[in-house]
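Note that ligands are numbered from 1 as they come in the structure, with each ligand's atoms numbered from 1 the same way.
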Amino acid sequence: MLKNQKKILITGAAGFIGSALSKNLIKEGKSIVGIDNLNLYYDKKLKLDRLKDIEIFNSIKKGGWIFEKCDISDRNHIFELFKKYKPTIVINLAAQAGVRYSLKNPESYIQNNIIGFSNILDACIKNKVENFLFASSSSVYGSNKKVPFNEDDCVDHPVSLYAATKRSNELIAHSYSHNYGLACTGLRFFTVYGPWGRPDMAPMIFTKSILEKKPIDIYNFGKMQRDFTFIDDIVNCISACSEKPAFADLEFDFFNPKPSVSFAPFRILNIGNGNPIELLDFINILEEKLGLKAIKNFTNMQRGDVKKTFAETSNIYKWAGFKPKTNLKIGVDIFLQWYLNYYHNKKFVSSF
Ligand SMILES: NC(=O)c1ccc[n+]([C@@H]2O[C@H](COP(=O)([O-])OP(=O)(O)OC[C@H]3O[C@@H](n4cnc5c(N)ncnc54)[C@H](O)[C@@H]3O)[C@@H](O)[C@H]2O)c1
């Protein structure tokens with residue numbers, strides 16, 4: 001652990017976003033405690049390999065990285081770790097992710113996303129954490145028709161349990177922020193893609209199927225749009241927010257010059273690309289780059305899914321001076337380079 005440094009505790013550190021964020025913060029010379037329960041929701045080897053990658057990076061950079069295996073729903077263990085490391089910044093990324101999985105496994109969402117999340121909040125209050133950030137999701141916008149999705153839009157109608165737990169996190173965090181003065185920033189991520197991605201998400205599923213010449217299920221007959229956001233943009237935004245604790249608006253709202261209803265040091269911010277694309281166009285890009293055709297199986301919309309996501313990005317820019325900027329074709333190139341190297345030990349030559 002580096003001396004005289006603000007310690008950052010990241011939950012879900014072996015996950016897609018958590019591992020990329022850990023490396024980004026190590027690069028910035030930060031002192032980090034990463035925790036994860038290494039659950040089996042998807043291939044555990046991928047999580048262990050991400051941790052190995054962080055360790056190698058940390059030893060090259062002579063960083064201050066420590067990993068602890070811990071389940072955030074284990075309250076005593078969480079309190080022990082907070083006491084041991086005394087973090088000043090906490091970034092909660094650990095969660096049961098996935099929309100479709102929530103239809104069959106609701107208990108996992110309550111256990112991890114509600115009970116686990118509340119344990120982290122309690123530990124933050126007890127240990128006087130200075131800045132708490134947490135992962136929310138574009139899924140809270142449900143089937144809203146008005147685009148782009150703005151942080152002030154109504155998000156009272158979640159269409160999946162996953163979205164309901166993420167919205168609950170925002171509401172629970174607001175009450176802690178209001179009552180205990182905890183600086184909280186909820187970050188609504190929009191479909192993240194890139195190296196070390198999640199095998200249950202479209203970019204990984206599509207790439208695997210195209211390479212193995214297996215059919216791809218294309219929901220809602222392809223009439224879906226996603227605001228794909230590159231992992232580097234996401235972690236750069238989180239890093240920027242980790243240095244800027246939310247503050248109370250008092251009588252002035254930072255984003256709108258009108259009296260605010262919230263007096264808590266609390267922010268909700270979208271982190272998305274602000275440039276949604278059709279799923280079929282995304283598949284076209286993969287096909288062109290891989291030089292292979294996808295076998296498409298057009299099918300109905302899945303329960304719990306939404307047709308479109310589209311982030312309004314002006315508020316994250318105003319707050320943290322940061323706007324996601326990675327062009328989709330460049331981001332897909334970087335993703336495929338990693339994918340072919342990791343799964344096939346091959347170099348990627350873009351067919352563009
Ligand atoms: N990837 C996206 O596109 C996206 C979009 C919106 C929101 N999010 C949110 O961002 C966060 C990170 O997502 P990700 O894509 O990296 O997912 P991920 O599943 O790759 O990472 C989550 C990590 O948390 C760990 N974890 C889960 N429950 C835990 C628990 N009880 N205790 C300790 N560790 C636990 C898992 O083992 C995993 O390594 C999640 O909260 C997710 O809901 C992600």
Hey, does A14 sit under 4.0 Å from ligand 1 if you only count heavy atoms? yes

Looking at side-chain heavy atoms only, is the closest gap between V90 and N131 below 4.5 Å? no

Is the closest side-chain heavy-atom distance between L48 and L38 below 4.5 Å? yes

Any idea which protein heavy atom is nearest [atom], and the distance to it?
{"atom": "atom 15 (O) of ligand 1", "result": "R198 NH1, 2.9 Å"}
{"atom": "atom 38 (C) of ligand 1", "result": "D36 OD2, 3.5 Å"}
{"atom": "atom 2 (C) of ligand 1", "result": "V192 CG2, 3.5 Å"}
{"atom": "atom 43 (O) of ligand 1", "result": "Y162 OH, 2.6 Å"}
{"atom": "atom 34 (N) of ligand 1", "result": "N37 N, 3.1 Å"}
{"atom": "atom 20 (O) of ligand 1", "result": "Y42 OH, 2.4 Å"}
{"atom": "atom 12 (C) of ligand 1", "result": "L93 O, 3.5 Å"}
{"atom": "atom 16 (O) of ligand 1", "result": "I17 N, 2.8 Å"}

Does [X], backbone or side chain, put an N or O under 3.5 Å from an N or O of ligand 1?
{"X": "A97", "answer": "no"}
{"X": "F189", "answer": "no"}
{"X": "K166", "answer": "yes"}
{"X": "I35", "answer": "no"}
{"X": "S137", "answer": "no"}
{"X": "G18", "answer": "no"}
{"X": "F16", "answer": "yes"}

Kindly determine whether F322 and Y317 satisfy ring-ring contact (aromatic ring centres under 6.0 Å, His included), including the steps that lead there. CA-CA 5 Å; F322 199 86; Y317 185 69; 8.7 Å; no

Side chain, backbone, both or neither: which part of [X] has a heavy atom under 4.0 Å from ligand 1?
{"X": "M201", "result": "side chain"}
{"X": "L38", "result": "backbone"}
{"X": "S139", "result": "neither"}
{"X": "K47", "result": "side chain"}

Rounded to the nearest 0.5 Å, how far apart are [atom1] of [X] and [atom2] of [Y]?
{"X": "L93", "Y": "I35", "atom1": "CG", "atom2": "CD1", "result": "10.5 Å"}
{"X": "S139", "Y": "L161", "atom1": "OG", "atom2": "CG", "result": "10.5 Å"}
{"X": "Y339", "Y": "Y342", "atom1": "OH", "atom2": "OH", "result": "10.5 Å"}
{"X": "D227", "Y": "E312", "atom1": "CG", "atom2": "CD", "result": "11.0 Å"}

Where T229 and F190 come nearest, the two heavy atoms and their spacing: OG1-O, 2.9 Å

With [X] as the cation and [Y] as the aromatic partner, state whether NZ or CZ is under 6.0 Å from the six-membered ring centre and within 45° of the axis.
{"X": "R188", "Y": "Y141", "result": "yes"}
{"X": "K166", "Y": "Y109", "result": "no"}
{"X": "K23", "Y": "F57", "result": "yes"}
{"X": "R267", "Y": "F247", "result": "yes"}

Tell me whether D49 is salt-bridged to K45, with the criterion being a basic N under 4.0 Å from an acidic carboxylate O. yes

Options [options], ranked by nearest heavy atom to [atom], top entry:
{"atom": "atom 28 (N) of ligand 1", "options": "T191, I78, N112", "result": "N112"}
{"atom": "atom 32 (N) of ligand 1", "options": "N39, I72, I10", "result": "I72"}
{"atom": "atom 10 (O) of ligand 1", "options": "S136, G98, A135", "result": "A135"}

Any idea how F228 and Y193 line up, ring-wise: parallel (<30°), tilted (30 to 60°), or perpendicular (>60°)? perpendicular

Distance filter under 4.0 Å to C70 heavy atoms, resulting ligand 1 atoms: 32 (N), 33 (C)

